[in-house]
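Letters A, B, ... mirror the listed sequences (proteins, then strands); counts begin at 1.
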Amino acid sequence: MTEMNQNLQKNYFSKHLLDWYREHKRDLPWRRSRDPYYIWVSEVMLQQTRVDTVIPYWHRFLDKFPTVQALADAPEEEVLKAWEGLGYYSRARNLQLAVREVHERYGGIVPDEKEAISSLKGVGPYTSGAVLSIAYNKPEPAVDGNVMRVLSRYFNLDDDIAKPRTRVMMEKLAQELIPEGAAGDFNQGLMELGATVCTPKSPSCLTCPVMEHCAGRIAGKEDQLPVKTKAKPPRPERRLMLLIEGTGEHAGKVLIRQRPQEGLLARMWELPHMELEANSDVKSDKKRQAKAGKWVKRKEGTDPLVYKQEDEAYHAQIQGYMATEEHIPVTASDWVMDVEHTFSHIQWQMSVYRGRIADEKAGVQGFLPFHYRWMAQEEMEKYAFPNVFIRVLDHYFDQ
DNA sequence: AATACGGGGCA
DNA sequence: TGCCCAGTATT
């Protein structure tokens, strides 16, 4: 293609996409506001997360923390609780750190300079571009997965979008395409097209505003683009979990604990559990998958005798763990349920057992390790739990 | 460059 | 049920 044709193709794209967006844009709650804080919160929530999931969270979050100051002043546990179920919880912790910095250093005004906003916790190339363009209409690119898919197809680019340098290349291209004075609408249009028309599977080319000059479509390659290396399958971990029921003054309550300050699900609450065995010999991706798929969940209603030996071995394992690692003497009993939970890099395959404190005196709050608590069903609203534990707790309290 | 970090939707 | 989706921080 000649250079002149490339420029025509780019100009056509910019104009038609912008017109299409202004005609067809969805009525999303954060689009009814120009408040940079509202837009920032929406963009952080939208990282790795679909619009329909985000909407109710966004309303609740801004209802609870309506201003930069309100979020800056809130206890972290309340912020985490408001984020419960949304995933990637470092987003919430980093957002609050960043908002505190905006409050202290910038007088509560979200910075409108690339350098300043990019230095905030949790604000990377995408989020800085999104906030600058949408809230301040600055001509900065906002390249997310939607944008890379759209550009790969329209310009028929076979660069691997999993590579960091491809994102850098796409940012240059996306910036060139921004029409004068219309950065916010154009960037949103690019993402909107990817989300609603130029979808990952079976794109709706016939309704696409730029189909006419889409090089990927003209080459008949829209189904093969974008090129993207596959992620490694998650590593399986067999785990045992306990629902420890209180007695006496703790009757009706279960024992929960807070996770460590750093790492996976940092500072969230959970039911006590342990890894059963380290699959240290599981190296190759194929073996990883085979191992992950091999685990078969136990069905409810199966004759307990079938699993008698396994249950006894598991009881011994987790009782030993609770006594040795946690210094809580526990007796494990009935199997409750099997539950599977897949993170992006780990798959938890968990068997849940009922348990009781073996030594009643150790069940007194003062004698528990500091990160353990007795929790009644009504108190679930006070603690932020990852989804996998909410599923188990709901199952337990509902039966 | 590779890995850690959640959860949901769709065929 | 199996596959796909993909921003930021850290190392």
Side-chain angles (χ1 to χ4, degrees), chain A residues 40-57 80 83-98 117-131 141-152 160-168 170-171 187 191 194-196 198-204 223-237 259-268 270 285 288-290 292-297 339-349 384-391:
Chain A
W40 181 14
V41 171
S42 78
E43 290 301 337
V44 174
M45 286 186 171
L46 286 164
Q47 292 166 10
Q48 320 291 309
T49 313
R50 352 173 53 85
V51 165
D52 289 341
T53 304
V54 165
I55 289 174
Y57 280 92
L80 225 41
W83 212 270
E84 180 186 81
L86 206 47
Y88 286 124
Y89 300 98
S90 67
R91 290 185 296 173
R93 298 190 300 267
N94 285 336
L95 177 61
Q96 191 181 31
L97 289 176
I117 196 168
S118 299
S119 73
L120 298 170
K121 279 287 186 196
V123 179
Y126 166 73
T127 307
S128 64
V131 174
V143 173
D144 69 352
N146 287 311
V147 172
M148 290 201 279
R149 183 171 59 254
V150 169
L151 296 181
S152 292
D160 182 352
I161 65 168
K163 303 278 187 214
R165 64 168 161 284
T166 303
R167 199 209 74 230
V168 174
M170 296 273 183
E171 280 170 353
N187 284 350
M191 294 187 272
T196 63
C198 196
T199 48
K201 281 173 290 186
S202 20
S204 308
D223 284 327
Q224 283 89 264
L225 294 171
V227 173
K228 187 182 174 191
T229 56
K230 282 203 209 51
K232 279 204 289 192
R235 155 184 97 247
E237 284 181 7
R259 292 185 58 84
Q261 295 296 303
E262 307 290 334
L264 180 67
L265 305 169
R267 309 198 291 262
M268 305 278 287
E270 66 178 5
D285 291 351
R288 251 180 164 182
Q289 272 213 311
K294 200 180 160 206
W295 186 64
V296 180
K297 279 197 285 211
V339 57
E340 197 170 284
H341 188 74
T342 307
F343 304 96
S344 37
H345 58 308
I346 305 172
Q347 184 186 49
W348 279 352
Q349 304 169 340
F385 289 100
N387 274 8
V388 57
F389 300 105
I390 292 178
R391 288 208 301 276

Is A/Arg93 touching bases, backbone alone, or none of the nucleic acid, heavy atoms closer than 4.0 Å?
->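 Touches nothing.
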
Are the side chains of [X] and [Y] in touch, meaning some heavy atoms are under 4.5 Å apart?
| X | Y | answer |
| --- | --- | --- |
| A/Asp223 | A/Pro203 | yes |
| A/His341 | A/Gln347 | no |
| A/Tyr126 | A/Leu46 | no |

Taking the same atom, [atom1], in [N] and in [M], what whole-Å distance lies between them?
| N | M | atom1 | value |
| --- | --- | --- | --- |
| B/dA11 | C/dA6 | P | 16 Å |
| C/dC3 | B/dC5 | P | 24 Å |
| B/dG6 | C/dC4 | P | 22 Å |

How many whole angstroms separate atom [atom1] of [X] from atom [atom2] of [N]?
| X | N | atom1 | atom2 | result |
| --- | --- | --- | --- | --- |
| A/Gln347 | C/dC4 | CD | C1' | 16 Å |
| A/Met268 | B/dG7 | CE | P | 7 Å |
| A/Glu237 | B/dA4 | CD | C1' | 13 Å |
| A/Leu80 | B/dC5 | CG | P | 15 Å |
| A/Glu340 | B/dG8 | CD | P | 15 Å |
| A/Leu97 | C/dA9 | CG | C1' | 13 Å |
| A/Ile346 | B/dG7 | CD1 | P | 12 Å |
| A/Met45 | B/dG8 | CE | C1' | 16 Å |

Check each of A/Leu151, A/Val143, A/Ile161 against A/Thr166 using the side chain to side chain contact (heavy atoms under 4.5 Å, CB included) test, and report the only one that passes.
->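 Testing each of A/Leu151, A/Val143, A/Ile161 against A/Thr166, the sole residue satisfying side chain to side chain contact (heavy atoms under 4.5 Å, CB included) is A/Ile161.
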
Side chain to side chain donor-acceptor pair (under 3.5 Å) partners of A/Arg50, counting only residues at least two apart =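 A/Arg50 satisfies side chain to side chain donor-acceptor pair (under 3.5 Å) with no residue once adjacent residues are dropped.
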
Is the shortest side-chain N/O distance from [X] to OP1 or OP2 of [N] below 4.0 Å?
| X | N | answer |
| --- | --- | --- |
| A/Arg235 | B/dT3 | no |
| A/His341 | B/dG7 | yes |
| A/Lys232 | B/dT3 | yes |
| A/His345 | B/dT3 | no |

Please tabulate the protein-to-nucleotide N/O contacts below 3.5 Å involving nucleotides 6-8 of chain C, giving atom names and distances.
| residue | atom | partner | partner atom | Å |
| --- | --- | --- | --- | --- |
| C/dA6 | OP1 | A/Arg149 | NH1 | 3.2 |
| C/dA6 | O4' | A/Gln48 | OE1 | 3.3 |
| C/dA6 | N7 | A/Lys228 | NZ | 2.9 |
| C/dA6 | N3 | A/Gln48 | OE1 | 2.9 |
| C/dG7 | OP2 | A/Gly145 | N | 2.2 |
| C/dG7 | O4' | A/Gln48 | NE2 | 3.1 |
| C/dG7 | N9 | A/Gln48 | NE2 | 2.7 |
| C/dG7 | N7 | A/Gln48 | NE2 | 2.9 |
| C/dT8 | OP1 | A/Gly124 | N | 3.0 |
| C/dT8 | OP1 | A/Thr127 | N | 2.9 |
| C/dT8 | OP1 | A/Thr127 | OG1 | 2.6 |
| C/dT8 | OP2 | A/Pro125 | N | 3.3 |
| C/dT8 | OP2 | A/Tyr126 | N | 3.0 |

Stepwise side chain to side chain contact (heavy atoms under 4.5 Å, CB included) test for A/Ile117 and A/Trp40 = CA-CA 11 Å; A/Ile117 196 168; A/Trp40 181 14; 5.9 Å; no

Write out all pairs satisfying side chain to side chain donor-acceptor pair (under 3.5 Å) with one or both partners inside residues 87-97 of chain A, taking only residues at least two apart or from two chains.
->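 Qualifying pairs: A/Thr49-A/Arg91.
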
A/Phe385 vs A/Pro164, nearer the 5' end of DNA chain B by closest nucleotide |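 It is A/Pro164 whose nearest nucleotide is closer to the 5' end.
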
